[in-house]
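Structure first, commentary second.
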Protein chains: 2
Amino acid sequence: MSPRALGGGGSATGSTALPPDPDRMVGAGGIVEVAALAGVSPATVSRALRGLPGVSASTRAAVRVAAEQLGYVASASASALARGRTSAVGVLAPWISRWFFAAVIEGAQELITSHGYDMLLYPLGANAGPDAGPVDARALHKRVDGVLGLNVPASMPTDSLRDLRVPLVTVGSTVPGLSGVQVDDVRIGLEATRHLLGLGHSRIGFLGLDPDDLYGFTVAADRHRGYVQALEQAGIEPDPRLTEVTGWAVQGGEAGLGHQLELAAAAGRTLPTAFVAVSDEVAMGALYAARCRGIRVPQDLSVIGVDDHDLSYLFDLTTVSQPVRRQGRLAAELLLEQMEGGAAARPRVVQIDPGLVVRSTTGPPRD
Amino acid sequence: MSPRALGGGGSATGSTALPPDPDRMVGAGGIVEVAALAGVSPATVSRALRGLPGVSASTRAAVRVAAEQLGYVASASASALARGRTSAVGVLAPWISRWFFAAVIEGAQELITSHGYDMLLYPLGANAGPDAGPVDARALHKRVDGVLGLNVPASMPTDSLRDLRVPLVTVGSTVPGLSGVQVDDVRIGLEATRHLLGLGHSRIGFLGLDPDDLYGFTVAADRHRGYVQALEQAGIEPDPRLTEVTGWAVQGGEAGLGHQLELAAAAGRTLPTAFVAVSDEVAMGALYAARCRGIRVPQDLSVIGVDDHDLSYLFDLTTVSQPVRRQGRLAAELLLEQMEGGAAARPRVVQIDPGLVVRSTTGPPRD
DNA sequence: CTGTTAGCGCCTTCAA
DNA sequence: TTGAAGGCGCTAACAG
């Protein structure tokens, strides 16, 4: 058990300057120190430690011992400079606190690091705008050997992608000529809507257009397109008044449903009997708004989301699932393929199939 | 609007090998090319571009133009090697898909990157065990100028922290002699429990001991200690049978409440009238379990969580809040202070005060 | 204010 | 199988 100093309200803890410990001065030595200790040349140390062939077993062992003893670890900068590779990959994402992105990153992480790459995180945040060239491609190109782009590339001018000059693998959006993991968002919208149609709904709304789609993030628009298609295929004329711009947050879903309610009241019509939400988070917001107003789900209102968020089952939320962590893993595979396979590895796009998880926020309409 | 190729189900996209564009060969040139183009020496380019003093305005402008024209960006590795600083900070966290950690990281990110540092992400994941020296301190020390440790340091042997040789700032746990952002977890447990006591509860359970506490992650244990103290101060003998080991996930909370139910049934007693959960996620799980069994909240059962998770309001969850994103920001400040202030900056610990957010999962007991 | 001179620590030919 | 020499691209210390 580790000591915890601040039982009450203390504030500043004294600094005991760590005394340099000449004995076990970890990480102090460079490759030449190791070489000296092992009685070989630096070149041999380099070869031995990296497992390159052409080093006798005994020499390798001796080098390992020396390195271990000195706590030697090669300087990343030095070796990157010498080799022209950084052993790092960049991860571009709009946010990381939205569950979807965090889960994708987590899915990718293991493979990435197990191949010896570090992961540089670049949350684009509010800067993800149309103008703000994200993290300046030029800067990235010298810093990483590859890039994982989550939902961002579409917002970059294509030039900026060119400037990258390192493999880029996308998740959630696709750039022609680049590897990527993709779910067919149109189909997601289609499936969600069909599920509701199949239950007998005919007045179905859509919560989730994304204002940011203005600059190329087409996920929401695609899902909406699927929704429209499904309706049309069922011979139903989509009513644009039933579509809300919500963004991706819970609050958007809440406000969206509220707004629909107002609209309906003002126009003297009733609320649609069901809604497709662009994400589970938006769906959760809608469910909350419904509950606050005493609208029963699914008797009075059905709601279906997208993602199968870790917390969705708590809401009994019916949803179109996508294997999020697996998408991350797949993206990592594609990226490694590009980085290590070199020009030999032709870019490829992997399609992920969405699933349907039926819980109990959807049911037949009331009448 | 960017082109999206895969309308239907296409799979592999052809690779158009990006043709080297000799005209605007971005990122191709080194500092010497820029120097040549600007008609100055490399040293001057370096000074000019980094905004160092002692460069005439006209020269600086010329250099900027040349650099811009060539799309020049300094190589991070080269400059790191030459300066002996990496301009990167490492972020150690058990996971990133748990909301708390993602939010802290997001909170820290802006300040970190605005000061010119990259963020290296090291999720410890399952490896966070007692033995597995996390990310090997020695490796980190050559790779980053500072480390942000989220809940991890306590699990590292202190030696390993020493070996780091770079500033380390902790969040959520404290190491003597190091800077850190801290919430008083004992007090959190105390406040949560007092809230329930204040409502008139006397049989109060605790959902949330963490099996991993075994190796030093004391947050859960501390909150539990606060719970025990509050009960004792109220003259109530804490009943160990009312404490569950749940870990941090939703599922733990669900299982924990279920187990309490079984225990109560087997012993022929009733469930406690209220529970303190170690986190909002655990509380959500417990609420779910209660709902599944028709237990009404808060009439039959009160539940209080900790964190004020982004989604907590959807559950009307009463909770002890901690300003999570601000913790991240503060930690970033402390870290920058250490990294840039050098030895002058003495380590300090910042206490964050928890708050109480009363919603409606807590209320007076039934009888 | 600017240029010259040495490295930073490692990797990689090329010889031995 | 091993060593010696040179360079990766940039920065810092010193001259001028």
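Residue numbering restarts at 1 for every chain, and letters A, B, ... go by the order of the sequence lines. Values below: all heavy atoms of this structure, side chains included; hydrogens, waters and symmetry mates excluded.
- Each of dT4(C), dC1(C), dC11(C) was ranked by its minimum atom distance to the side chain of A43(B); first place goes to dT4(C).
- If you check every strand for non-hydrogen atoms under 4.0 Å, R50(A) touches sugar and phosphate atoms only.
- Of the possible polar contacts, none joining the Q338(B) side chain to the L335(B) backbone as a donor-acceptor pair under 3.5 Å is found.
- Nucleic acid contact for V45(B): none, since no nucleic acid atom lies under 4.0 Å from a heavy atom of the residue.
- Note on G84(B): nothing from the nucleic acid sits closer than 4.0 angstrom, heavy atoms only.
- Considering only side-chain N and O atoms, T59(B) lies under 4.0 angstrom from the phosphate OP1 or OP2 of dT2(C).
- The shortest distance between side-chain heavy atoms of V166(B) and D145(B) does not fall below 4.5 Å.
- Distance, R47(A) CZ to dC11(C) P: 11 Å, rounded to whole Å.
- Regarding contacts with the backbone of dC10(C), every side-chain N or O of S79(A) stays at 4.0 angstrom or more from both OP1 and OP2.
- With the nearest nucleotide of DNA chain D identified for both L52(B) and A78(B), A78(B) has the one nearer the 5' end.
- In this structure, R85(B) atom CZ and dG9(C) atom C1' are separated by 18 Å, rounded to whole Å.
- Backbone-only contact: G30(B) has heavy atoms under 4.0 Å from sugar-phosphate atoms and none from a base.
- Look at CG on L81(B): it is 18 Å from P on dA6(C), rounded to the nearest Å.
- Taking the screw axis at each terminus of the helix from dC1(C)-dG16(D) to dA16(C)-dT1(D) from five consecutive base pairs, the angle between the two is 30° to within rounding of 10 degrees.
- Atom-to-atom distance recorded for I112(A):CD1 and L121(B):CG is 11.5 Å, nearest 0.5 angstrom.
- Nucleotides of DNA chain D with any atom under 4.0 Å from a heavy atom of chain B span, from 5' to 3', dG9(D) to dA13(D).
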